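Encoded as structure tokens, the structure appears first; notes follow it.
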4 protein chains.
Amino acid sequence: MSEGKTPDAGRRSERSHQAILKAVVELVGEMGYGRLTIEAIAARAGVGKQTIYRWWPNKGLLVLDAFAALMGDTAPLPDTGDVVADMKLVLRATAAELCSPRFEVPSRALTAESQLDPALAKQFVDTLLRPSLEVTKERLRVAQRAGQVAAGVDLDVAVELLVGPLFHRWLLRTAPLTPEYADTVAEYALAALRPPRTSGSAG
Amino acid sequence: MSEGKTPDAGRRSERSHQAILKAVVELVGEMGYGRLTIEAIAARAGVGKQTIYRWWPNKGLLVLDAFAALMGDTAPLPDTGDVVADMKLVLRATAAELCSPRFEVPSRALTAESQLDPALAKQFVDTLLRPSLEVTKERLRVAQRAGQVAAGVDLDVAVELLVGPLFHRWLLRTAPLTPEYADTVAEYALAALRPPRTSGSAG
Amino acid sequence: MSEGKTPDAGRRSERSHQAILKAVVELVGEMGYGRLTIEAIAARAGVGKQTIYRWWPNKGLLVLDAFAALMGDTAPLPDTGDVVADMKLVLRATAAELCSPRFEVPSRALTAESQLDPALAKQFVDTLLRPSLEVTKERLRVAQRAGQVAAGVDLDVAVELLVGPLFHRWLLRTAPLTPEYADTVAEYALAALRPPRTSGSAG
Amino acid sequence: MSEGKTPDAGRRSERSHQAILKAVVELVGEMGYGRLTIEAIAARAGVGKQTIYRWWPNKGLLVLDAFAALMGDTAPLPDTGDVVADMKLVLRATAAELCSPRFEVPSRALTAESQLDPALAKQFVDTLLRPSLEVTKERLRVAQRAGQVAAGVDLDVAVELLVGPLFHRWLLRTAPLTPEYADTVAEYALAALRPPRTSGSAG
DNA sequence: CAATAACCGAGACGGTACGTCGCGTCTTGAA
DNA sequence: TTCAAGACGCGACGTACCGTCTCGGTTATTG
């Protein structure tokens, strides 16, 4: 999914490919990203180191691939007609995922590594993050058409208003990431986006 | 400044101490945090490796110290009476700092490293981040007393509502961090925090 | 020429065979035997590695084949009737060959490799060395019949007496290998082999 | 004894130094020079690889050092007054040593490696070979003064006449290296060197 | 006013992992 | 079947740094 060059993908050993991704997931869970080693991955996967270096340029993109394989494709959001309720659902789900043991370690690792490697950052955002933000944005667009979100609002900003606070708290660990917090953020953010009350209209 | 134990501060060579912090700042700028090496720091500072290991437990805390020395103490915020204007100032300043070449590399490095090292994370947040958020919170408290912010608002959440979106955009590089964006975020966030209009009262 | 087994000589690509031997000669000259690589040979010859492994069991025997192809078949020695003069010719020719750039590198390589690989040693001696020593021995046999060499002399020892000193000096580089040295050795060696003077006889 | 550069010999760990030489001797015996590995040496010696690379530039010189440590200093030859008898002793001893299991493997290895590495060759000859040849040459000089060797003889050539045949047979394995062969070579070589019979003198 | 104990620079040490090279085997598709 | 091409598992290379450990050589009190 994310290997930069594909010398001859037809010849690639699918068995090795899968074994490597599996080993990465296992090892990142066992020892964390910092202690993760190409040699250990190769050993666990029963693969030569060169086979890893042949297909991935660095540890970051390898972990990204392994992590991407873990996540299913982004599902579209439910639309109950109530944006606030729907956004609460989204943020609660996001918070839960960020704290789930399976996702937390690689998410933090990829976020961290992205700070040191802009190429990885781009790949990470494009592959994993943007699609997920996009479905939220889509839901907001519907809300905007329905008049629940003010017409002039830049929806990218709107999404950041919803997700940014959660992300800030998660990443900097300033406080626990509870479902209640998710609800609060959703309420505040959507309050900010609500169109101004006009006399004679109903929200 | 942040070393946990001070075996015998009287004997500590201030010359070496400063040379190390200076070397760290220089080298982190030249080669980035990832390629930063204790050996290189020692060589640049003209110092034995042991002198570094004696006073700092790891690279992260060393960089934190060096970075903290770069930043002056947190100054209190101006209070013009207009929260929105004041917050725009704060966010614009924050955005500018995050993008300034002097601060960007170590900020990203510390944020990244904090993901892999909770001890560093705590130190980072307590030393550098919290004080900065605290002054913002203080200004909001004043606004709350003045009735510009709703009475029931949790000010920690309020601060995150303001800072989170900026931080999200900076860290994930989803879009450029402009002063206009800072203004927009400030407007939206404070709109969300404004007390509900009561008949017969003025905002 | 010297491959042990010939799985199916009929199918063997003569074009590839020659390209490989040519590549070996070139590369051994360019980078020496130690840095010679099967992969480099294959690349230079425009040949798959397997084609080399199919026909030669190891690098040593491959170089031996390539070197043997370089040397013509051993020519019989001239017989002027004067053993000493003839042997001087032989030793001067030997010395010249050992020092010629074309032969020196592979000769040293094969001698060296033979120390670590007895199978190669045998092949090397039988294919290249023994025939060359044999013609010298033959010339000495003639001299022995003519009474110029004592009757009881073991001709194998005689040959070693002639060739050994040259070889020793060449291999260990204790001193330069000049034609004069060849002459001196020939004189001494044949002096040792001369039959004892009997009263009333002439040498 | 043969390390090229001595960064700071005072700080060198003698324990490690000795352990390395010991490991080399053991391993060269167990697996031969060709299969000898720096990693294996380091492991066996309980030493980091860098400690080997720090003090020796390559495998050849390391083995040379280890081998030199094995051999005592060259003892002077006995002088019984009978050159032939003395030389027989020398050659028999040389033959025995070349075939002794302890010396054969490293001797062949160093001879072989010297073919590919002139620097090693020089060191090898100067350190181990030349001193040994020199004592023989010295004994011959005495014989020359005593009139047992012709006055005009170049003693370097004389030594090669004695040692060359043995060396040739040993290195190329053309025939077994027996004590009898050593005797024969000594007899022939000294016959060649004997001064011409002058009337009225006795040999 | 020595002495004595810390800290200092330097850098060797036992290790771990790196990213590369080349081995000899195996697989694929064309001739 | 052989061949060119080249991926594969593997093992070793030589290097970079890690964090620890001596070394002497300053300091800087303190008995």
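Everything quoted here is computed from the prediction, not taken from an experiment. Letters go in sequence order (proteins before strands), and every chain restarts at 1.
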Hits for side-chain hydrogen bond (donor to acceptor under 3.5 Å, both in side chains) against C/Lys59, two or more places apart or cross-chain, chain-then-number order -> none
Who are the side-chain hydrogen bond (donor to acceptor under 3.5 Å, both in side chains) partners of B/Glu26, not counting sequence neighbours?
-> B/Lys22, B/Arg44
Round to the nearest Å and state the distance from [X] atom [atom1] to [N] atom [atom2].
{"X": "C/Arg54", "N": "F/dA4", "atom1": "CZ", "atom2": "C1'", "value": "10 Å"}
{"X": "A/Arg15", "N": "E/dT27", "atom1": "CZ", "atom2": "P", "value": "11 Å"}
{"X": "A/Trp56", "N": "E/dT20", "atom1": "CH2", "atom2": "C1'", "value": "19 Å"}
{"X": "A/Leu62", "N": "E/dG19", "atom1": "CG", "atom2": "P", "value": "12 Å"}
{"X": "A/Tyr33", "N": "E/dA17", "atom1": "OH", "atom2": "C1'", "value": "14 Å"}
{"X": "C/Arg44", "N": "F/dA5", "atom1": "CZ", "atom2": "C1'", "value": "18 Å"}
{"X": "D/Leu27", "N": "F/dA12", "atom1": "CG", "atom2": "P", "value": "12 Å"}
{"X": "D/Gln18", "N": "E/dC13", "atom1": "CD", "atom2": "P", "value": "13 Å"}

Taking only N and O in the side chain of [X], is any of them less than 4.0 Å away from OP1 or OP2 of [N]?
{"X": "B/Ser16", "N": "E/dC7", "answer": "no"}
{"X": "B/Trp55", "N": "E/dC8", "answer": "yes"}
{"X": "D/Thr51", "N": "E/dG14", "answer": "yes"}
{"X": "C/Arg12", "N": "F/dT2", "answer": "no"}

Sequence-aligned protein contact record of nucleotides 13-23 of chain F, with B where the base is within under 4.0 Å of a protein heavy atom and S where only the sugar-phosphate is | BBB-SBBBB-B
Is there a donor-acceptor pair under 3.5 Å between the side chain of B/Thr51 and the backbone N or O of B/Val47?
-> no
Under 3.5 Å donor-acceptor, A/Gln123 side chain and A/Leu64 backbone | no
Output all residues satisfying ring-ring contact (aromatic ring centres under 6.0 Å, His included) with B/Phe103, sequence neighbours left out; order by chain, then residue number.
-> B/Phe67
Ring pair (Phe, Tyr, Trp, His ring centres under 6.0 Å): pairs with one or both residues in residues 25-46 of chain B, sequence neighbours excluded | none
Between C/Val47 and A/Val47, the residue closer to the 5' end of DNA chain F by nearest nucleotide is C/Val47
Pairwise 5' ranking along DNA chain E for B/Gly48 and D/Glu14, keeping only the more 5' one | B/Gly48
Residues that A/Val125 engages under side-chain contact (heavy atoms from CB on, under 4.5 Å), provided they are two or more places apart = A/Leu129, A/Arg130, B/Leu172, B/Thr174
